[in-house]
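Input: a single structure, listed below in C-alpha cells.
Counting convention: from 1, in listed order, for ligands and their atoms alike.
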Amino acid sequence: MKVKKLCGENFRNLLPFSLEFCEGTNVIYGNNAQGKTNLIEAIWLFTGAKSFRSAKDSEMVAFGAGNARLKLDFIAGGIERQAALTINNRRYAELDTKKLKSASGLIGNFCATVFSPTDLAVVKEGPALRRRFLDLAIGQLYPNYVTVLKDYTRALTQRNAVLKAMEGKLKDSELLDVFENELVVSGEKIADYRRKYCERLTVNASEIYNELSSLREELEAVYMPSCSEDFAESLYKARRTDVYSGITSVGPHRDDLDFKINGISARTFGSQGQQRSIAISLKLAEAKNLYDILGEEPVVIFDDVMSELDKSRQSFILNHIKGKQVFITCPDPDNITGLADGKVFTVEGGKIK
Ligand SMILES: Nc1ncnc2c1ncn2[C@@H]1O[C@H](COP(=O)(O)OP(=O)(O)OP(=O)(O)O)[C@@H](O)[C@H]1O
Ligand SMILES: [Mg+2]
C-alpha cells in the first residue's frame, strides 16, 4: 500500500494543498499547533474508520467552511486507485469515481496503522485497556472471537444478575449452574484465543523490539489469566464471595497482559523510552498481522513518536522499517538529522511546503 498524492481543502487549519509523497519515509515537520497531526489525520480517514482523535466529523471542517474535501491517489495490489472524501456532519466517500454508501465502504481498500501518544496507555495504564487491545486485535484476525466474546458477556451479565437477586445468601444454585456452564464454554475459548495470540504477539513484536533496541533487550507479551486453575472450579469456589459482592470475581473479564523486558514487567519498572518502544513494536506487529491477512503492507503513521527515544531508536524509525511507507510527524529538527533517505514536508500556520 502506497500513498502517491493527497489533495485537500477546508480540512481543519490546512490551506488548500496538493502533495506528492515518496514511497519510503515522509517526515512532517513543524512547530506545535501548525497542522502536522491534521495532515496525517487526513490520510488516516481513507481507511474508512473514524478519526483516531475520536473527533466528530463536523470538527474536521475548517472553521466557517461548509464542506472539507480530500482526494487520495494510492497504489494497492499494484493498481493505481483514487478515493475522495467529503466531510460535513458526516463523511461521504468515493472510490475510483464510484459513490459508496458510507465511508466505511473504504475499509479493506486502503489500510494504515497509526501510532499516537495515547497508544502509550496500553502499556502504562490499567488492565481494561490491555483487554481491549487484545479483543480488537484478535477480533480483526478471527471474527468468530467477537461472537464468543458476546456470548461470554451475556452469560456474565446473567450470572451477576442472579448473584444480586440472592441478596447475600447462596441459594438457587441450579440457576448459577446454568450460567456458569455457559461462562465456562465461552470463557475457555476466550482464554485459548488470548493465550495463542500472546504467543504470536511475542514472536512478532519481540522481533521488532529487538531491532529497535539494537538487540540489547528481549520483549515478551505474557498472558495473565485471572484464574490459573480450572475455570469451572474457580467459579464454583468463588460463589460464596461473589454472592456477597454481587459480581463475578474470576474469568476473562479480569485477565491482564504483561509486557516484560528481559523478564521484568515494563509497566512497573520500564523507562519512558522502553514503554514507548513497546507501544511502537505493538503497532508494527499489528501492521504485520494486517499484512498476513490482506497480503498488503499497510501504510504506517507515527504521530509524535520521536521524543524520549535515543538516536539509534530514532534512526530505526526513520530508516529501517522495511517495505512500508512511513509518515512521521515531529516538532524537533534534531530528531530527523539521521534521516538517510525520504522526503521532508514543513508545516507552518496550516501551509505545507
Ligand atoms: N476545524 C478546524 N478549523 C480550523 N482550525 C482547526 C480546526 N481544527 C483544529 N484546528 C487548528 O489546527 C491547529 C493545528 O493542529 P495540529 O493538531 O495539527 O497541530 P500539530 O502541528 O500536530 O501540533 P503539535 O506539535 O502540538 O502536536 C490547532 O491550533 C487547531 O486550533
Ligand atoms: Mg500533533
In terms of heavy-atom contacts, does NZ of K56 have more than 12 from other residues, nucleotides or ligands at under 6.0 Å? no

Looking at ligand 1, does N31 have a heavy atom less than 4.0 Å from it? yes

Identify the closest protein heavy atom to atom 8 (N) of ligand 1: which residue and atom is it, and at what distance? R12 NH1, 3.1 Å

Residue pairs involving residues 115-144 (criterion ring-ring contact (aromatic ring centres under 6.0 Å, His included); sequence neighbours excluded): Y142-Y193

Does G35 reach ligand 1 with a nitrogen or oxygen that is under 3.5 Å from one of the ligand's nitrogen or oxygen atoms? yes

Between the Mg ion (ligand 2) and N32, is there an N, O or S atom separated by less than 2.8 Å? no

Where the closest heavy atom to atom 12 (O) of ligand 1 is concerned, which of N38, N32, N10 has it? N38

Ion pair check, D258 and R267, cut-off under 4.0 Å: no

Measure the acute angle between the ring planes of F21 and F327, then classify it against the limits of 30° and 60° as parallel, tilted or perpendicular. perpendicular

Flag atom 14 (C) of ligand 1 as yes if some protein heavy-atom distance to it falls below 4.0 Å, otherwise no. yes

Among protein heavy atoms, which lies nearest atom 3 (N) of ligand 1, and at what distance? F63 N, 3.0 Å

Just need the protein heavy atom nearest to atom 23 (O) of ligand 1, so name the residue and atom and give the distance. A33 N, 2.7 Å

Just let me know how R53 lines up against ligand 1, side chain, backbone, both or neither, with a heavy-atom cut-off below 4.0 Å. side chain

Less than 4.0 Å between atom 31 (O) of ligand 1 and some protein heavy atom, yes or no? no

Check each of D304, T329, V347 against atom 27 (O) of ligand 1 and report the one with the nearest heavy atom. D304

Which of the atoms in ligand 1, numbered in the order shown and given with their element, are less than 4.0 Å from a heavy-atom of A62? 1 (N), 3 (N)

May I ask you to check whether V61 has an N/O atom sitting below 3.5 Å from an N/O atom of ligand 1? yes

the protein heavy atom lying closest to atom 22 (O) of ligand 1 turns out to be T37 OG1, 2.7 Å

